[in-house]
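Below: the structure, in structure tokens.
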Amino acid sequence: MSAYQRTIQAFVKLIESESSLFSREDWDNLDKLASNLPEDSEEISSEIRNWLKLESRSQIKQAFDKKRQEIPSDLTNSETKLGLGGAKWPTPANQPSESSKELIQNAIKLNSPLSDDKKSQPKP
């Protein structure tokens, strides 16, 4: 697993498990970030790290660093398709898996309180 993939997976895991660390403003910014993410894992990793640089996000960055350390760095064998915590990928081998961009976008959609606000608004 590349360093870029570890960064992306740690960020997704952080969003899924510690969503309470994110303020409403953070969720707004994450929503914007997700809609403008490139497809390349290296560029996505860079965007994540830039997003975490703000002083107001220091607590989020600390939690992110901890999550990133929890992901084994020795998963470099491309034959080994392991997910977070060493779990097997849920996607069968003959089907395409979600891109890094999709993983982040889905994690944000599923965990953002803003998504709940959008769902609860009646449609005209």
Does Arg68 reach the main-chain N or O of Ala3 with its side chain, forming a donor-acceptor pair under 3.5 Å?
yes
Side-chain donor or acceptor of Asp31 paired with backbone N/O of Asp28 under 3.5 Å:
no
Inspect the contact between Asp65 and Lys61 and indicate whether a charged nitrogen and a carboxylate oxygen are less than 4.0 angstrom apart.
yes
Considering all heavy atoms, the nearest Glu18-Ala63 contact
OE1-CB, 3.9 Å
Do Asn50 and Lys53 pass the side chain to side chain contact (heavy atoms under 4.5 Å, CB included) test, and can you show the C-alpha distance, the side-chain angles, and the key distance before you say yes or no?
CA-CA 5 Å; Asn50 287 336; Lys53 281 183 181 177; 3.4 Å; yes
Main-chain N/O of Lys109 paired to Ser112 side chain as donor or acceptor, under 3.5 Å
no
Run the side chain to side chain contact (heavy atoms under 4.5 Å, CB included) check on Glu47 and Ile104 step by step: do they pass?
CA-CA 12 Å; Glu47 293 284 332; Ile104 292 171; over 6 Å; no
Quick one: closest heavy-atom pair of Ile8 and Ser41, and the distance?
CD1-O, 3.6 Å
How many angstroms lie between CD1 in Ile15 and NZ in Lys67, if you round to the nearest 0.5 Å?
12.0 Å
Value rounded to 0.5 Å, distance of CG in Asn106 from CD in Glu16
9.5 Å
Shortest non-hydrogen pair, Phe11 vs Leu30, comes out as CZ-CD2, 3.5 Å
Among the clusters formed by ILVMFWY side chains lying less than 4.5 Å apart, do Trp51 and Leu21 turn up in the same one?
yes
Using 30° and 60° as the class limits, which term best fits the ring planes of Phe22 and Trp27: parallel, tilted or perpendicular?
tilted
Heavy atoms of Lys101 and Ala34 approach each other most closely as CE-O, 4.4 Å
One should read off an interatomic distance between Ser99 OG and Gln105 CD, to the nearest 0.5 angstrom, of 7.0 Å
Spatial distance of atom CG (Leu33) from atom CG (Asp26) [nearest 0.5 Å]
11.5 Å
Is there a side-chain contact between Leu54 and Ile60, using heavy atoms and a 4.5 Å cut-off?
no
Nearest 0.5 angstrom please: Glu70 CD to Leu14 CG, how far?
10.0 Å
Determine the minimum heavy-atom distance between Ile71 and Ala10, stating which atoms define it.
CD1-N, 3.4 Å
Does any part of the side chain of Glu25, heavy atoms only, come nearer than 4.5 Å to the side chain of Ser56, both counted from C-beta?
no
Which value, rounded to the nearest 0.5 Å, describes the distance between Ser45 atom OG and Gln5 atom CD?
10.0 Å
Would you say the side chain of Leu52 lies within less than 4.5 Å of the side chain of Ile48, judging by non-hydrogen atoms?
yes
Which atom names give the shortest non-hydrogen contact between Thr7 and Phe64, and what distance separates them?
O-CE1, 3.4 Å
